[in-house]
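Here's the structure, in structure tokens; my notes come after.
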Number of protein chains: 2
Amino acid sequence: MEIRIGDLAKRSGCEVVTIRYYEKEGLLPKPARSGGNFRLYSDVHIERLQFIRHCRSLDMTLSEIRILLGLRDNPAQDCGDVNALLDVHIRQTEERVEALLQLKRHLLSLREKCSGARRIEACGILQGLSDCDHPGCNA
Amino acid sequence: MEIRIGDLAKRSGCEVVTIRYYEKEGLLPKPARSGGNFRLYSDVHIERLQFIRHCRSLDMTLSEIRILLGLRDNPAQDCGDVNALLDVHIRQTEERVEALLQLKRHLLSLREKCSGARRIEACGILQGLSDCDHPGCNA
DNA sequence: TAAAAACTCTATAGTCGCTATAGAGTCAAG
DNA sequence: CTTGACTCTATAGCGACTATAGAGTTTTTA
Ligand SMILES: [Zn+2]
Ligand SMILES: [Zn+2]
Ligand SMILES: [Zn+2]
Ligand SMILES: [Zn+2]
């Protein structure tokens with residue numbers, strides 16, 4: 001059962017151009033071609049693209065995904081690297097959450113500086129952006 | 001008191017190329033030039049760059065910053081737009097935090113599927129990336 | 001005073017993960 | 001047999017920088 005790129009796009013919820021991009025980047029193997037030079041995908045491609053899209057939905061980079069796919073293609077080894085990659089990724093996610101929460105506190109402390117519609121010159125927010133007293137602000 | 005681009009970079013904690021980039025993007029006005037065609041910055045530039053870098057540290061985009069600078073340069077109006085811009089930015093930050101926390105839950109549920117060093121074929125993480133049972137996962 | 005080091009200049013290309021466009025070819029339905 | 005939907009390749013753009021090359025300027029050192 002071979003499908004064309006548009007059907008694969010619908011199944012996987014991504015754009016046609018994205019699929020071609022993954023092929024160019026070496027994440028998806030080159031598919032067979034029809035007489036009219038259309039790409040023809042089989043089950044292997046469908047599953048592999050789902051894997052890629054799942055990883056992307058988890059915010060992995062294409063090079064992380066490349067690594068995982070490479071491991072998957074070498075089933076003889078053990079999976080320590082997989083677990084390690086995921087651990088790093090989880091930690092990075094936690095760090096980004098922390099950074100964003102810090103950011104939000106900073107933004108809220110700035111927001112408090114202006115109550116309503118003053119003149120621009122008197123706006124505490126703009127003043128705070130020039131000269132900030134938020135703890136830990138390096139600006 | 002006029003300083004050169006390298007000194008301005010040190011003061012503001014950003015790269016020389018970034019300063020030139022801001023000039024090209026119209027965020028920093030074109031400075032005076034020395035006899036040897038070096039950029040010469042004054043207090044106005046220093047303060048404006050600090051403002052920009054502070055906004056960037058708050059994760060504002062350059063076009064948001066352009067808007068704020070435009071408002072700052074028109075001190076006659078009231079500051080309602082400033083407050084509104086900040087409110088939108090705060091809400092976006094909250095949404096990103098929520099999305100990241102969701103992501104982290106997803107990653108942790110995946111991580112649980114593999115305890116130790118199995119063979120690649122038996123790794124629950126790789127299997128979960130192909131065929132996920134995490135609630136709300138569309139992959 | 002001359003050579004070396006440090007700085008600056010412009011212009012251009014690369015990063016990431018797509019997205020958008022142009023211009024041509026292929027295929028199925030009416 | 002024409003219309004429309006689909007596909008092909010190649011190229012450029014997004015945002016906010018970063019990196020590089022090759023030339024010119026200024027400061028430091030010998
Ligand atoms: Zn205000
Ligand atoms: Zn601050
Ligand atoms: Zn495992
Ligand atoms: Zn999932």
Side-chain angles (χ1 to χ4, degrees), chain A residues 2-28 30-42 45 48-69 89 92-93 96 99 103 139, chain B residues 2-28 30-42 45 48-69 89 92-93 96 99 103 139:
Chain A
E2 297 187 312
I3 61 174
R4 300 212 297 222
I5 198 168
D7 298 320
L8 182 55
K10 262 173 216 137
R11 279 211 197 199
S12 59
C14 73
E15 299 286 329
V16 165
V17 281
T18 304
I19 296 173
R20 287 197 283 247
Y21 173 68
Y22 290 159
E23 177 183 331
K24 192 158 70 83
E25 290 297 306
L27 298 175
L28 274 180
K30 302 206 174 197
R33 295 285 181 137
S34 73
N37 200 32
F38 286 9
R39 288 172 177 82
L40 295 177
Y41 294 98
S42 65
H45 299 95
R48 198 174 178 94
L49 180 55
Q50 268 164 7
F51 184 93
I52 294 170
R53 294 305 291 176
H54 195 198
C55 291
R56 285 294 299 137
S57 82
L58 293 168
D59 219 24
M60 295 182 193
T61 64
L62 294 195
S63 64
E64 285 175 315
I65 298 171
R66 226 186 308 269
I67 292 169
L68 286 181
L69 286 170
H89 197 68
Q92 282 171 352
T93 304
R96 285 171 57 202
L103 183 62
Chain B
E2 297 187 313
I3 60 175
R4 300 209 301 218
I5 197 167
D7 298 321
L8 182 55
K10 261 173 218 137
R11 278 210 197 202
S12 59
C14 73
E15 298 287 328
V16 165
V17 281
T18 303
I19 296 173
R20 288 197 283 248
Y21 174 69
Y22 290 159
E23 177 182 332
K24 193 159 69 85
E25 290 297 305
L27 298 175
L28 274 180
K30 301 205 175 200
R33 295 284 182 138
S34 73
N37 201 32
F38 286 10
R39 288 172 178 82
L40 296 177
Y41 294 97
S42 65
H45 298 96
R48 198 174 179 95
L49 180 55
Q50 267 164 7
F51 184 94
I52 294 170
R53 294 306 291 176
H54 194 197
C55 291
R56 285 293 299 136
S57 82
L58 293 168
D59 220 22
M60 295 182 193
T61 64
L62 294 195
S63 62
E64 286 175 314
I65 298 170
R66 227 187 308 269
I67 292 170
L68 287 181
L69 287 170
H89 197 68
Q92 283 171 352
T93 305
R96 284 170 58 201
L103 183 61

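Letters go in sequence order (proteins before strands), and every chain restarts at 1.
- Residue A:R33 is the one, among B:T18 and A:R33, whose nearest nucleotide of DNA chain D lies closer to the 5' end (criterion: closest heavy atom).
- Contact between the side-chain N/O atoms of A:R53 and the OP1/OP2 oxygens of C:dC18 is found at a separation under 4.0 Å.
- Atom CD of A:E23 and atom P of D:dT7 are 14 Å apart (whole Å).
- Looking only at distances, no side-chain donor or acceptor of B:H54 sits under 3.5 Å from a matching main-chain atom of B:F51.
- The listed nucleotides are C:dT10, D:dA16, D:dC8; the one nearest the side chain of B:R56 is D:dA16.
- The distance from atom CG of B:L40 to atom C1' of C:dT8 is 11 Å, rounded to the nearest whole Å.
- Straight-line distance from the CD1 atom of A:I3 to the C1' atom of D:dT7: 14 Å, rounded to whole Å.
- Contact record, A:R4 with A:Y41: C-CD1, 4.3 Å, taken as the closest heavy-atom pair.
- Neither OP1 nor OP2 of C:dT8 sits under 4.0 Å from any side-chain N or O of B:R39.
- In this structure, the side chain of B:T18 does not engage the main chain of B:C14 through any donor-acceptor pair within 3.5 Å.
- Comparing A:R4 and B:V17 by the nucleotide of DNA chain D whose heavy atom lies nearest to each, the residue mapping closer to the 5' end is A:R4.
- In this model, the phosphate group of D:dC17 is approached by a side-chain N or O of B:Y22 to a distance below 4.0 Å at OP1 or OP2.
- Within 4.0 Å (heavy atoms only), B:R20 reaches at least one base atom of the nucleic acid.
- Proximity note for B:I5 (side chain, C-beta onward) versus C:dC9, C:dT26, D:dA16: the nearest is C:dC9.
- Considering only side-chain N and O atoms, A:Y21 lies nowhere under 4.0 angstrom from the phosphate OP1 or OP2 of C:dC16.
- Atom pair B:M60:CE and D:dG15:C1' shows a separation of 17 Å (rounding to whole Å applied).
- Comparing C:dC18, D:dT7, C:dT10 against the side chain of A:L62 picks out C:dC18 as the nearest.
- To the nearest 0.5 Å, atom CG of residue A:L28 and atom OH of residue A:Y21 are 12.5 Å apart.
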